[in-house]
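Starting from 1, each residue takes its place in the sequence as its number. Hydrogens, waters and symmetry mates play no part in the numbers below; they use all other heavy atoms, side chains included.
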Amino acid sequence: MLTEEDIQKLQDLSIEQVAEALQISVRHHKAICPFHDDSHPSLTFSATRNRYRCFVCDAGGGTIDLVMHSQGWRFYESCIWLARRFGITLSIDMNYFQARALKPQPKPRTSSRECRHSESVDIRHLQSLVSQPVLSRDATHFLIEERRLCKDVVHQLGITSIDRPVPMTGNPNGSWFNAPSLLIPYRDTDGRLLSVQARYLGSDKSKPRFQFPKGSVCGIFNLPVLTTLGNGEPLFITEGVTDCMAMLSAGHKAIAIPSATLLKPKDVELLKGLNLHMFPDADEPGERLFFKIKELLPQITHHQLPSGIKDFGQLWASRNVKC
């Protein structure tokens, strides 16, 4: 696995030297932009920020982004190319990971029972973003120090993070994930990636807390857990992903539905006959959500949170347990 230190080494490389290595001719901190039909240099480089940006097509980023987007490579291919080109030693077997990165990937199959997506959901690109999870300082503070979630749970779910905006597709001219954010993979029951949800960790109130790529329709988080349930084993439903991770940290099996999103008919079919339980959030929307779910899945059992606790995530964190 690439460490945060590995990635930082690659990000610290001179952005203009990386551009020249990619045969992008830089003159006076400008170049012809390779991301659109450019006749006058519109791609600019900042030596102080070590980033690039095109003021025509709005493509931008750091050293790894420049390699990914100019060459059409995935994250790991780009990191390995940078390391080899500039003589950087990484904490991985580069031959192994290069072979793995270059291995042809099967086209993802979509289960109509669990999630559907339009052509705008670039699964291959999203896979490159989450294939080797790394937690930034912001992500570590939020998940481990503040929410006190178990590191093993975070790792098993494939939660990763970004500390700079990244495109939602391989086309940098489209929508971007805001940063700093968690990147949360949504998978079908067989573990195939369906989409990625970003959970914003910054302080800018104008930015949405949650983002999905356009076209994503994912109703349940952590669907692979359904294949591990024993006969009659309890399954907890939580309202959000972090509450789900808290429930998993507590040793329970759990799924989550996106906040304020009701279960859809296809989701109900998956959950019929299961031994379901829920700690609704301690507010009117949380209770309303529970009773709506109970109309669809009458077997669900209600559990009451202690007084003064707003959700299960807070309950878990308040116990001050270290995993």
Nearest non-hydrogen partners of Ile159 and Pro133, listed with the distance: O-CB, 3.4 Å
Residue pair Cys79 / Leu90: nearest heavy atoms and the distance that separates them: O-CD1, 4.4 Å
Contact list for residues 153-171, test salt bridge (Lys or Arg N to Asp or Glu O under 4.0 Å), sequence neighbours left out: Asp65-Arg164
Counterpart residues, salt bridge (Lys or Arg N to Asp or Glu O under 4.0 Å), relative to Glu233 (two or more places apart): Lys253
Qualifying residues under ring-ring contact (aromatic ring centres under 6.0 Å, His included), relative to Phe290, sequence neighbours excluded: His302
Test salt bridge (Lys or Arg N to Asp or Glu O under 4.0 Å) applied to Glu287 - qualifying residues, sequence neighbours left out: none
Cluster overlap Val18 with Ile32, hydrophobic side-chain contacts below 4.5 Å: no
Shortest non-hydrogen contact between Arg187 and Pro224, atoms and distance: O-CD, 4.0 Å
By salt bridge (Lys or Arg N to Asp or Glu O under 4.0 Å) - contacts of Arg53 (at least two apart): Asp58
Side chain to side chain contact (heavy atoms under 4.5 Å, CB included) partners of Ile309, counting only residues at least two apart: Leu305, Pro306, Gln314, Leu315, Ser318
Distance in Å, His40 NE2 paired with Lys30 NZ, rounded so as to fall on 0.5 Å steps: 11.5 Å
Residue pairs fulfilling ring-ring contact (aromatic ring centres under 6.0 Å, His included) with at least one residue in residues 4-28, sequence neighbours excluded: none
In residues 7-15, what donor-acceptor pairs under 3.5 Å come from side-chain atoms, sequence neighbours left out?
unit_1 : atom_1 : unit_2 : atom_2 : d
Gln8   : NE2    : Asp12  : OD1    : 2.9
Lys9   : NZ     : Thr89  : O      : 3.1
Ser14  : OG     : Glu16  : N      : 3.4
Ser14  : OG     : Gln17  : N      : 3.3

Verify same cluster id: Trp176, Leu129 (apolar side-chain graph, 4.5 Å): no
Separation of Leu43 CG from Ser70 OG (nearest 0.5 Å): 10.0 Å
Tyr200/Phe177 aromatic ring centres below 6.0 Å: no
Straight-line distance of His29 NE2 to Ser46 OG, nearest 0.5 Å: 9.0 Å
Joint hydrophobic cluster, Leu274 plus Ile293, side-chain heavy atoms closer than 4.5 Å: yes
Modelled atom types, side-chain donor and acceptor of Ser181 and Arg199, under 3.5 Å: no
Verify same cluster id: Leu276, Ile257 (apolar side-chain graph, 4.5 Å): yes
Listed partners of Asp243 passing side chain to side chain contact (heavy atoms under 4.5 Å, CB included), at least two apart: Thr238, Asp281, Asp311
Pair Asp138-Ser136, side-chain donor/acceptor within less than 3.5 Å: no
Taking every non-hydrogen atom, the tightest pair across Ala21 and Trp81: CB-CH2, 3.8 Å
Residue Gln23 excluded, over 12 heavy atoms near CD under 6.0 Å: no
Nearest non-hydrogen partners of Cys33 and Ser42, listed with the distance: CB-OG, 3.7 Å
Residues forming a side chain to side chain contact (heavy atoms under 4.5 Å, CB included) with Ser78, sequence neighbours excluded: Ile64, Val67, Met68, Trp73
Salt-bridge criterion met for Glu20 and Arg85 (N-O under 4.0 Å): no
Nearest-0.5 Å distance, CG of residue Asn275 to CG of residue Leu235: 8.5 Å
Non-neighbouring partners of Lys272 that pass salt bridge (Lys or Arg N to Asp or Glu O under 4.0 Å), sequence neighbours left out: Glu269
Taking every non-hydrogen atom, the tightest pair across Cys150 and Ser249: N-OG, 3.0 Å
Leu289 with Leu296, same ILVMFWY side-chain cluster at under 4.5 Å: yes
Sequence neighbours excluded, every pair satisfying ring-ring contact (aromatic ring centres under 6.0 Å, His included) that has a member inside residues 225-246: Phe236-His252, Phe236-His277, Phe236-His303
